[in-house]
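In what follows, a structure is listed as C-alpha cells, so that the remarks can point back to it.
What you see is a predicted model, and the numbers here were worked out from it, not measured in a lab. What's counted below: heavy atoms across the whole structure, side chains too, no hydrogens, waters or symmetry copies.
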Amino acid sequence: LRTALKLATGAGKTTVMAMLIAWQTVNAVRRPGSKHFTRGFLIVAPGITIRDRLRVLLPNDPDSYYATAN
C-alpha cells in the first residue's frame with residue numbers, strides 16, 4: 001500500500017507525515033506479528049533544502065516533531 005498527499009504550502013505536510021509515521025510505528029510495536037503495519041519508511045525529498053527541513057522527522061533531532069507533539 002502506498003499513500004500520497006498533495007497539500008498546499010503551510011498546510012502541515014511535515015506534521016501529517018510525522019503523525020502517520022508515529023501511528024504506523026506504535027502499531028507495529030504493539031502487534032509485532034501483524035503484516036498491516038510497517039517498521040520502515042522511505043521519504044523522498046526533491047532537494048537538499050527540503051531534506052534539511054525534514055530533519056524534524058528524526059526522533060533524535062533537537063527540534064523533533066515527536067518530542068513537541070502534544
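In this view, T49 and R53 satisfy the side-chain contact (heavy atoms from CB on, under 4.5 Å) rule, not counting sequence neighbours. Qualifying side-chain contact (heavy atoms from CB on, under 4.5 Å) partners for L58, counting only residues two or more places apart in sequence or in other chains: R55, N60, D61. Every residue was checked against the side-chain hydrogen bond (donor to acceptor under 3.5 Å, both in side chains) condition with T9, not counting sequence neighbours, and none meets it. Residues meeting the side-chain contact (heavy atoms from CB on, under 4.5 Å) test with T38, sequence neighbours left out: Q24, F41. Remark: L7 engages A11, K13, V16 in a side-chain contact (heavy atoms from CB on, under 4.5 Å) (not counting sequence neighbours).
Listed by first and then second residue, the side-chain hydrogen bond (donor to acceptor under 3.5 Å, both in side chains) pairs involving residues 25-34 are S34-H36 (not counting sequence neighbours).
With a 4.5 Å cut-off between side-chain heavy atoms of Ile, Leu, Val, Met, Phe, Trp and Tyr, the cluster of W23 takes in F37.
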Item to check | From CA spacing to verdict: side-chain contact (heavy atoms from CB on, under 4.5 Å), M17, L54 | outcome: CA-CA 10 Å; M17 243 190 322; L54 293 176; 3.6 Å; yes

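For the residue pair L57 and Y66, the shortest heavy atom distance occurs at O-CE1, 2.9 Å.
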